[in-house]
Number of protein chains: 2
Amino acid sequence: MIVLPLHKGSNAERSRHRNRQAILGQVRIAGTIGRAEIARALSLTTQTVSNIIADLSEDGLLLEKGRLSAGRGLPAIQYALNPEGGYALGIEIRPDAIFAALLNMHGKAVVTERIAITQAQPETVLTYVNALYARALDQIKNAQGRTLGAGIVMPGPFGVTGIAGMGSDLPGWQQVDAEAFFTEAIGLPVMLSNDANAAAMAERVNGLAQDITSYAYLYFGAGLGLGLIHGGQLVHGAYGNAGEIGHIPLPAQRGNLENALSRLSVQRHLKSVGKDAREIEALDQLFQQGDADLMAWLRTASEALGYAMAIVENIFDPQTVILGGAMPDAVLDHLVAHASLPERSVSNRPNAPHPRLMRGAAGRMTATLGAAALILNRALSSPNSYAH
Amino acid sequence: MIVLPLHKGSNAERSRHRNRQAILGQVRIAGTIGRAEIARALSLTTQTVSNIIADLSEDGLLLEKGRLSAGRGLPAIQYALNPEGGYALGIEIRPDAIFAALLNMHGKAVVTERIAITQAQPETVLTYVNALYARALDQIKNAQGRTLGAGIVMPGPFGVTGIAGMGSDLPGWQQVDAEAFFTEAIGLPVMLSNDANAAAMAERVNGLAQDITSYAYLYFGAGLGLGLIHGGQLVHGAYGNAGEIGHIPLPAQRGNLENALSRLSVQRHLKSVGKDAREIEALDQLFQQGDADLMAWLRTASEALGYAMAIVENIFDPQTVILGGAMPDAVLDHLVAHASLPERSVSNRPNAPHPRLMRGAAGRMTATLGAAALILNRALSSPNSYAH
DNA sequence: CGATTAACTCAATTTATTTGAATTATCAAT
DNA sequence: ATTGATAATTCAAATAAATTGAGTTAATCG
């Protein structure tokens, strides 16, 4: 039996790969940037950066954007990501539908598709996934051969590490190693995740968190999920199930957090007074009307949110917390505005550079876009330590 | 202004450094191991491993332990860490005392010292720290020139990242960048941390967590702290204050977690009935006598502990949680045995390879040893991703 | 307009890993 | 007991990718 190492060794090839990622990532955060500046940021020589940039340009990942004169000296040739240099496929599998999105290197969705399904057996799902992927390629000819991988979101729990080959909650998937199954069948590198984690990553690649490396994302899915990003990478936990914040008991014996703060919670509350809010649109309409029952729910939800914030902030000390998922924007905004943020929290600091709570991307496609974002993030950064 | 990169570039020298760390770390987890096996584990060639092992042996960090024949083929020469190959200094600064410990490469304390102080001004503290270090070197001649660094624990909060130069709670330290101050003055690389984080790392280097890479440490210090280890490295949070679990409000409006679960809490409870438990020994004695007031406190504390477990497990999904710090072993054991572990938790899995809650190292020196462990851990691993 | 500064390129060098052939010691089968 | 297979190790040569240093280009400053 081989003793698993904490991390693997390095060689010239792996160094090059890392440096490519680092340069791409640096171009991304800078927008446009010259070679010498990249070299300074990454502690590499300009010569090395030049060589790798020649490679990346050759591969179509970078574009020249003219020279920028800044003070004395030869003006630096500026480089920027080529949005069409690569694509990432995002797939979200639900019991009743499959969503797909194709993102370019800027994290912009260039294709979105959905398909209703009546059964979610692996083979059936696979047929649809391949069909959706083919449809996407049909619309973006350029993406043929330039798709970096597929991120897939499906109902957990599965074992990202440790319990290998553990399947999903979906019927028929219990015995399936979904990651291996899709990798084989789609012919692309696959990353598997749950909705909250994917949503969190979406904000990093194209959203509020592009320059934030440590944050948490509170996600309204079926229940209440939490995606943790630390050093620009997802924190999965030992068994891949970190972020199950909905299961935490509420103060004052009112059950779990997701009893007060989730789609199911508001649906149940409104149903008990004879109102239907299964669709986001219906919920939005009730909110616009100032519906008293919804407002009552929002009061307890805001309280629960404040409590969730106390937990997340004090345990994780993030730069910010982002709230998003399957809720109308207006409702999320209301929650953000009315959450009673705990005073006794490490995050309650003067002159904080970010608000403690922000509204993220919401709606049906959040997790699908996030699935693709997992792939983009991998292309633009290594799961390694912060510099400094 | 230079845009901060997520991670720096790599070159031959940094590769070598990483590979040295990886090999040392692999030898540590294996105990004794041959070169070919290291090569397989780290995805390096045996030749590379041979070269680096020659280096490490030359530096006195590794010892040959004869050949081990295992099946066919030439029996591999076994290598093991040389416990005297390097040392780490741990310093804990408290308002009324300074503790020091010198650990060898096995994580064993070869010297421990303490000194009572009456004031904790930076210059005064420094004098004592240097004196303690000198005393340690005096006892372990071999450690001269072989001390890898100093880990320092002092009352926070400080900014590990972000808020640079932010000082401690100790009087006179507010304006001092303690890390720079000590680095300069001791002449060793310095790592600064709080007590809970240090205690967590102590378990990893020489304790229950030597083969556990993802866990949380609940620490009884002044209040209640939490050290988070993920992928073998500390999770500090964006501003270095992750793990302030004591501030989280308790269910049923009973104040914070540390109101029910901390040294201060038990002291206050016992004082209200006229009993003194400021010293650990006094507390231990009361426990041995089965004191009814202490037992009453333990009941609410166990409940609070179960609640803390629900939070930590569901948010972080660790392999295990370790309980330790300034409490008698017997009290910790009682808490471990009587904590009502939540049923609805991601950690409540069948066939878990580790208990959900374990007792760690306790007592006065825990944090001091942990301070040194920070240095050892850095020598034996990179703050990088898991392999696989 | 010349001096200075900074980005960039080219060619040579350096570092560290990999590759491939040769050597050695053990186990297993005859 | 002998022989062949297997695995660890070493040596020397090759390779990959970084750095170094000298030279070129194009800006700004005085």
Side-chain angles (χ1 to χ4, degrees), chain A residues 1-2 7-24 26-27 30 32-59 62 64-80 382, chain B residues 1-2 7-24 26-27 30 32-59 62 64-80 382:
Chain A
M1 188 210 66
I2 192 166
H7 48 85
K8 296 207 164 174
S10 178
N11 60 20
E13 193 185 333
R14 298 196 268 257
S15 283
R16 168 72 103 170
H17 184 245
R18 182 196 167 95
N19 288 345
R20 270 180 69 113
Q21 281 185 321
I23 288 175
L24 275 179
Q26 195 64 16
V27 172
T32 66
I33 190 172
R35 287 179 265 199
E37 195 183 339
I38 295 174
R40 280 191 297 269
L42 304 182
S43 303
L44 292 171
T45 59
T46 52
Q47 186 55 54
T48 298
V49 175
S50 274
N51 294 339
I52 293 177
I53 282 204
D55 265 20
L56 292 171
S57 300
E58 176 118 1
D59 294 349
L62 290 182
E64 279 195 24
K65 291 287 184 182
R67 300 191 106 107
L68 179 71
S69 123
R72 286 187 177 180
L74 209 181
I77 302 170
Q78 300 298 109
Y79 291 88
S382 298
Chain B
M1 188 209 65
I2 193 166
H7 48 85
K8 295 209 165 174
S10 178
N11 59 19
E13 192 184 334
R14 297 196 268 257
S15 282
R16 168 71 99 163
H17 184 243
R18 183 195 166 95
N19 289 345
R20 270 180 70 112
Q21 281 185 321
I23 289 175
L24 274 179
Q26 194 64 16
V27 172
T32 67
I33 190 171
R35 285 178 267 197
E37 195 183 339
I38 296 174
R40 280 190 298 270
L42 303 183
S43 303
L44 291 170
T45 59
T46 53
Q47 186 55 55
T48 299
V49 175
S50 274
N51 293 340
I52 294 177
I53 282 203
D55 264 22
L56 292 171
S57 300
E58 175 118 3
D59 294 348
L62 292 181
E64 278 195 25
K65 291 287 184 182
R67 300 189 105 107
L68 179 71
S69 119
R72 284 187 179 180
L74 209 180
I77 302 170
Q78 300 298 109
Y79 291 89
S382 298

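Lettering follows sequence order; numbering is per chain, from 1. From a predicted model like this one, the values you see are computed outputs, not experimental measurements.
- Scanning all heavy atoms of the two residues, the minimum distance from B/Y79 to B/V27 falls at O-CG1, 3.9 Å.
- Per the geometry, CD1 belonging to A/I33 stands 11 Å off P belonging to C/dC8, to the nearest Å.
- Contact detail for A/R18 and B/S10: the closest heavy-atom pair is CD-CB, 3.8 Å.
- Between A/L42 atom CG and D/dA17 atom P the separation is 17 Å, expressed in whole Å.
- Heavy atoms of B/I52 sit under 4.0 angstrom from primed sugar atoms or phosphate atoms, though from no base atom.
- Where A/A36 and A/G73 meet DNA chain C, the nucleotide closest to each residue was compared, and A/G73 sits on the side nearer the 5' end.
- Listed nucleotides: C/dT17, D/dA17, D/dT25. Nearest to the side chain of A/R16: D/dA17.
- Both A/H17 and B/A76 lie close to DNA chain D; mapped to their nearest nucleotides by heavy-atom distance, the more 5′-ward contact belongs to B/A76.
- For A/T45, no side-chain nitrogen or oxygen approaches OP1 or OP2 of D/dA18 to under 4.0 Å.
- Residue-to-nucleotide proximity on DNA chain C shows that, of A/Q47 and A/S10, the 5′-proximal contact is made by A/Q47.
- The nearest whole Å value for the distance from the CZ atom in B/R67 to the P atom in C/dC27 is 13 Å.
- Under the 3.5 Å distance criterion, with hydrogens and angles disregarded, no donor-acceptor pair is assigned to the side chains of A/K65 and A/T32.
- Residue contacts for B/T46: at a heavy-atom cut-off of 4.0 Å it reaches a base atom on one of the strands shown.
- Nearest approach of B/K8 to A/L42, heavy atoms of both residues: CB-O, 3.7 Å.
- In this structure, B/R14 atom CZ and D/dA17 atom C1' are separated by 13 Å, rounded to whole Å.
- Nucleic acid contact class of A/T48 (heavy atoms, under 4.0 Å, all strands): base.
- Rounded to whole Å, the distance from CG on B/L68 to C1' on C/dA25 is 13 Å.
- Phosphate contact (OP1/OP2 of D/dA17, side-chain N/O of B/N11, threshold under 4.0 Å): absent.
- Comparing A/A12 and A/A70 along DNA chain D, the residue whose closest nucleotide (by nearest heavy atom) sits nearer the 5' end is A/A12.
- At distances below 3.5 Å, not a single donor-acceptor pair connects side-chain atoms of A/R20 with backbone N or O atoms of A/L56.
- Using a 4.0 Å heavy-atom criterion, one finds that B/R40 contacts the sugar-phosphate atoms exclusively.
- A sub-4.0 Å separation between OP1 or OP2 of C/dT9 and a side-chain N or O of A/R35 is present.
- As rounded to whole Å, 13 Å separates atom C1' of C/dC8 from atom CD1 of A/I38.
- Of the possible polar contacts, none joining the A/R35 side chain to the A/V49 backbone as a donor-acceptor pair under 3.5 Å is found.
- The interatomic distance linking A/R72 (CZ) with C/dT5 (P) rounds to 6 Å, in whole Å.
- Residue-level contact check: A/N51 touches neither bases nor backbone, having no heavy atom under 4.0 Å from any strand.
- To the nearest angstrom, C1' of C/dT24 lies 5 Å from CG of B/L74.
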